[in-house]
Structure formats: structure tokens, C-alpha cells
Amino acid sequence: MVALVLALSLLGQAAPPPLAVLQAKEGTIVGERGQPLAPGAIISAGERIHAGPRAIAELAMLPSGRVRIFAESDLRFEQANGLHVLRLLSGRAWLQLSGKTPVAFHMGSNRLRVWPGSSVLVENTLSGGPQLSVRSGRVWLSTPTHADWIEIKGGYSLALRSGQSPGQPQKGGQALVALLAEEAHDRLAGALPLVEFAIELSRAGLRESPLGRCPILARELSSAALATQEEGLRPPPFFATEVPPDGPNLAIEVEFED
Amino acid sequence: MIALALLAVLASNPAGACALPSDAVSKTATAPLLHALQMAAQGREALRQGDLDLAKRCLQAAHGLAPESTLIQRDLAVLLSLLGDFAEAKRLLLAAMAGGDRDPEVHAMLAYVLAQLGERRAAIQEVEAARSWRADLLGVSLGDPESRHRSRDLIDQDAARGAVAALVLAGEEASRGERVEAMNLAELAFQLASDHGLDPIIGEISQLFLREMAEKGGSIQGSLGAQLFTEFVTNPGFASMAEDSALSLPRATLGVDAHLKLALGRLRLSAEGAWMQQRVLQDRPRWAKVELGAYRLGLQAEYPLSRDPEGLVLGFELRFLDVYADAYRVEVGRLLEGGPVLSLRLTPRTRLRFGLLGSLYHQGQGAPEDPSSSQSRHRSGQRAVLALRFSKERMRVEWVGFFTHHDAKGAAFDLVGGGAGATVVARVTPRLSLHSGFWVAYGNYGAVGDTTYLGSAARRSELRTELVLGGRFALAQGLSLRLEDRWLQTAARVGHGYMQNRVIGGLEWRW
């Protein structure tokens, strides 16, 4: 009887829920037990993934989100209080969250709440410490020294120092995100040939261009042409095409004719 | 049960080769989404390996299983774009954005798709939201001035991006008729590609571009312009000359100008010529002295010191101006002015120019014939000018400050002065632009006469204030209507201060 109860309880014990699926990768990505992960691999609650040197990976987060993890990074997927939790142990991770459910993003003892529609890069390195850059949307931050939630909007970033108050989010700080976006663009499949198309359009523009026509047409707003009649009374305009010739001058000889 | 439903879906979808992993069948509520994401992963992998057909089958099957997944919507949109189905890609990207996928990279993708569909204006809006250098280059090729401003910075940042940016900017400059600039940029792209061993395709396209430019006439560009204005002037002369204080007269002006510009490698040369003639339309004999005729010749050489042809530019300018009055019976004066000019792009939208010009002035009217006379007003001097310009797509603001110093040949009429001003030009619609500006200038002349006897009266100062308000309306290509009001007040010693208001209307034609 006891054995039956034990067997039933074991059967009833739910397996950890799946939280993410590896979508694309380059380099070595390993799972909780050090096993290599291939695209399609399921990451369940409590599992950790590690990106090796020069590796990059993109994961689909359930129910709706995209997570990128970069070289020498460790990210654990957890679930707590009904919320999905991403815990960045080291390195860099980038979450683009859609859908309707917020996600918690922890780095050390700092806690982030990411709202759907937001895109945030979180970094936790030995040299730089924890920091985050919000690309779009908004996130809320709570730290051990500042229990109240601080709102950080798209286009702002914040660096955290251990034991110090987090301070005010700073506008900018998007260079790292841009750099990592480049890496994702170059190394993960699924990029569109924007530059190639720009070159193609640009050459088409050349073929249809009004070459041989007046360049001044393009400078329609140039004020050089606004007044010709005054030039007779003035020294020549200093910048023929940039500074209005209508400006002041001291060539007033006509007026001083006494 | 869920597994059975899943198998039924799989059986009905076209993803035959898109198999699920053996451990995939699960009984959880999230199973369909989980399996859809696994299929999407297979699709991404197939895309990476270049098997677009398999990628399409997998991603379409994944989309069928989880149509609400923004991740799958985006990935399928990318694949369909690569396959040329831009309409469906647009629908999917908009659905992904509506579902909360709002990272700037989605905007870049949508910009690309919209540009492919020919929806230029909408594409440019997405370029703005994308905030990436790739999207900006696409914006440049779509003719977006803001993208052009931002992309100029790329030229100096990195060789590979610099080469590509120079190439795209060259095409955009060419499309606006700026041949010299286009040639400079295309040559820069070729140079960067060669020097840094970049993708040979960039170098080849640059060469092709240069050949196409050469076939279309090379790097010479020119222009012609003509203007015909009438104006109504109140108080056109001095109060001392006037028999009453409320003088007014109508005056017509005809002007013609021509510009020529060419590139010799990175060196840019330009020449200009201009002529104008005024005609007083009322009581002409009385006002013949303010009926002016003039011509101007100018030469300019520019050499970019930075990689970007518009980054840091050293130039030399030389101009000659000859002014007459009363139908060329009286020479008002001749001026030869020239010197170095340094131009620097501070930010993508801000440019600073500094010039130090020397000048020789020969006064005709009112100057003694004997140049050694103490009253001689022939003179030589210097002018330093600093100008700062800020440009946006629909607006341009310009601040100018200058300092002038002239030594008269005679003992009198030395001049020290300076001034500042600003102009704003706003393009309200593609056809209509409005402009406004103010100028304040101060000059101090003298000593005029013997200071022993005249004291401070031997020096004459003048403060000149000018306000301008006007607009231009494009009637047809190259033809525009101009309306303007100019108010000028000069505060000087008794008999020499005056106020003038001019209402100007006329046509300008450019080719």
C-alpha cells in the first residue's frame, strides 16, 4: 500500500515546466549538466545555460519573448510566484519581451521587472558590474539599497555599484546594445540585406539622377539667391552658398558721400 | 489528447520534412507552442544552411501551430522577405509589432519590407524608429535628409562601414545632381575598400559607380539663375538728401548668375559669375545715384583634410566685385577679397566655418582722385568671419559673427567694426519656405579730420540693424515666387542715420 502511495506521488510530481526553446546558435552552448545544446532544445525551469567563448545563442521564451545570450555568459531560467524569472549569473543577455505577461530579470541581488513590449540588455561582468540598457519600452528596478521600484524607460541606461544607491538612469548608453545587435545580425541566421538594398537603390538613384542639371535646385533653401540687388552695395557674401548675403556689412561708401 | 491533436495538425500541414524531435510529444498545456517553437528552430537552422524551402515549410508549420507567437511571426516574415513575398512579410511584421515585439530591429525589418513595396514615406518613418546604421543607409537611399545627416558620421568611424556609407551617400548625392560630391564619395569608397582589403564587391561597385558617373559627364556641374524683382522702398536715401522725410519709390532689379563646379581627385574647384542692374521706376534723374549696376566674379578651391569629403575642409576663396551707379556713369567702388576658409562638421547636423579674408578696396565715387590725399578712401584690410549652421530636414538655422579692420590710404576713414546675425529658414511644405533673420553691425570710422580740433567728433560710428521676413513659393520646377519685407535702421551722426523699409516681390528661375 505504502509502495503504491509512493509510486502515485512520484507520478503526480510534475516535471519542471519548459520555459524556453533554443532557436539558433553559433559556438558552444551547453545545458545544466554541461551537455551541448542544439537548436530545438527545451530549457526547463531551474535549468542553466552557458555560452562558451565567442558563442552566441537566441532562445524563444515561453509564452512570448526572445532572449539572446552572448559569449562567456550564464543564464538560469526559473519560475517563482507565477512569474518567469531570468537570472543572469554572469555575462550579457538581451530580452525582447512581447505578449502580455511581465518577466522578472535578476542579476545578483538586483531585481528587474520587464514589461511586455520592452527590450532590455542586462550585463553582469566582473569588470563592469551589473548594468542595464533599455532599448524600448520600460522596466522597473529594485536593488538591496533601494527597495522602491525605479522606472527606466527606453533609451536610458543605468550602472549599478555594489552597496551604493542606484542613482538616476542616464539617457544614452546604447552603444553596447548596438554592438551586440550587430553581432546578432552577423552571426545568427535571419538577417535582412538592408545595406545591399540601400546600395542597389542608391545606384538606381544615380541612373535616374538629373545629372547635368543645376545643383542649386537642391539648395532651394539657400538664401544666397534671396537677394541679388543688395550685393551691389555690399562686399561679396562670405560664404556664397551658406551665409546669407543679406547680412550686415560696413561698406557704406555710397552713404558717406559728404 | 493534446498529443493526438498535435499529430493531427502535423499531418495536415505541409511541413513533411520538418520533423519533431522524438522527445517532443508532451502532454502539457503549452505543448502546441513548444512544438511550434521547436519547428521554428528547425526553420532557422535550415535558413542558416541556405535551404530556404525547408525553412519556409518549418516556419509556416510553426506559424500554423502557434499563429499568435510574435517570435515566429517575425522569423517567418524575414524568410518571406528573402523569398520576395513582401506583402505577407509586412502583414506578419505588423502583427508581431501589435503583439508587443517592438525592439528597434523589427522597425528596421519593416523599413526594408516597406521600401521593397515602394512605400517610401512609411519606410522612412520606420528607419527613424530603427535607430541603426543599416537602417540609416536604407533611409539615405530613400532620400531621407535626417538619415543622410546621421550616416555622414559612419565614414570616419570604421573602414568597412565607411566604404559602404560613402557608396550609398554617393548615390544619394548623384540623385540630387551633386556630381562633384558624388564622385568624391565614390572614390573614397573605392579607396577604403582597396586600402583595407574589404569585401571586393564594395570596390567593384564603387568602380562601376564611377564609370557610370563618367558616362554621364564626369564630375563637372553647373547652374544658371535669373531673378527679376520689383520693390517698394520707403526713405531710400539719406534724410539730409531728402526734401521730405517720407520718401518712397519703386525700383526693379534684374540679376543673372552662373556657377561651375568640378572635381580633380579630392580637390574641388568652383567658379561663379553674377551681374545685376537696378532701375528706379519713378523720378529717375533724382535717384540715379541709388540705381546700381554690378558684376561679381569668384573662384573657390576646397580640399578635404578628413576622410569624409565634408568633414574638415580647407578652402581658399577669391572674389572681385565692381559696382557702378547711374547707368555705369559713376563707379561706386571695386573690391578684391580673398583668403583661407576652414570648414568643420561638428555634428551630423552642425557645421562651423571660419575664414580670414584680406581685402583691397578702391572707392570711385566721392574719393579724391589723388590717392595720397588725406581724404582718400581707398583702403586695405582684413575680415574674420565665423559661421555656425544647424540643419534639420525642414529647418536651417545659421549664426554669423564677423570682425573687420581696414586701413584707409589717406589719413581718414580707417574702419574697425564687427557684427552678428542669425537666419532661420523653414520649409513649411515641399513648395513653400519661410525665412526670417536679424543682423546687427557696428562700425567706427576715423579719425575724419583733425582730432586736435574736432576731438571725439572726429570719429564716426554707425549701428546698423536689419530685420528680414519673407517666403518663397515654388511655382514650377526651377521657378519660384519670392515675397519679402526688409527693415533697416542705421543709427549714425546727424544727417547720416536713416530708416528704410522695402517690400520686395518677384520671380526667380534656376536651371
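Hydrogens, waters and symmetry mates play no part in the numbers below; they use all other heavy atoms, side chains included. The model shown is predicted, which means the values in this text are computed figures rather than measured ones. Numbered from 1 within each chain, the chains take letters A, B, ... in sequence-line order.
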**Report entry** Trace of the side chain to side chain donor-acceptor pair (under 3.5 Å) decision for A/Ser98 with B/Asp101
**Finding:** CA-CA 5 Å; A/Ser98 48; B/Asp101 190 3; 5.6 Å; no

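- Of the listed residues (A/Met61, A/Arg66, A/Gln96), the one with the most heavy-atom contacts under 4.5 Å to chain B is A/Arg66.
- Taking A/Leu192, A/Val195, A/Ile199 one by one and counting their heavy-atom pairs under 4.5 Å with chain B, the maximum is reached by A/Leu192.
- Neither the backbone nor the side chain of A/Glu26 comes within less than 4.5 Å of any heavy atom in chain B.
- Of the residues considered (B/Glu68, B/Glu172, B/Gln116), B/Gln116 shows the highest number of contacts with chain A, using heavy-atom pairs under 4.5 Å.
- In terms of heavy-atom pairs under 4.5 angstrom with chain A, the leader among B/Ala182, B/Pro104, B/Gly470 is B/Pro104.
- Considering only heavy-atom pairs separated by less than 4.5 Å from chain B, the leading option among A/Pro116, A/Ala178, A/Gly99 is A/Gly99.
- When the options A/Leu83, A/Val103, A/Val139 are evaluated for a side chain to side chain contact (heavy atoms under 4.5 Å, CB included) with A/Arg113, the one that passes is A/Leu83.
- Neither the backbone nor the side chain of B/Ala96 comes within contact range of chain A, judged by heavy atoms closer than 4.5 Å.
- When each of B/Leu167, B/Val168, B/Leu142 is checked for a side chain to side chain contact (heavy atoms under 4.5 Å, CB included) with B/Leu137, only B/Val168 meets the rule.
- Contacts between A/Ala38 and chain B at a heavy-atom distance below 4.5 Å are absent for every atom of the residue.
- With a 4.5 angstrom heavy-atom cutoff, A/Pro193 touches chain B via backbone and side-chain atoms both.
- The contact between B/Ala108 and chain A is made by backbone and side chain atoms together, counting heavy-atom distances below 4.5 Å.
- Here B/Arg44 is the residue among B/Arg48, B/Arg44, B/Arg102 with the most heavy-atom pairs under 4.5 Å with chain A.
- A/Trp140 and A/Trp115 have perpendicular rings, their planes meeting at more than 60° on a 0 to 90° scale where under 30° would count as parallel.
- Within a 6.0 Å sphere centred on OH of B/Tyr324, other residues, nucleotides and ligands contribute more than 12 heavy atoms.
- Under the rule for a salt bridge (Lys or Arg N to Asp or Glu O under 4.0 Å), the partners of B/Glu105 that lie at least two apart in sequence or sit in another chain are A/Arg68, B/Arg74.
- Two residues are said to be in side-chain contact when any heavy atoms from C-beta on lie closer than 4.5 Å; B/Ser359 and B/Leu335 meet this criterion.
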Report task. Verify salt bridge (charged side-chain N to carboxylate O under 4.0 Å, His left out) between B/Glu484 and B/Arg486, making sure each step is shown before the conclusion. Result -> CA-CA 7 Å; B/Glu484 193 173 272; B/Arg486 308 179 75 83; 2.6 Å; yes

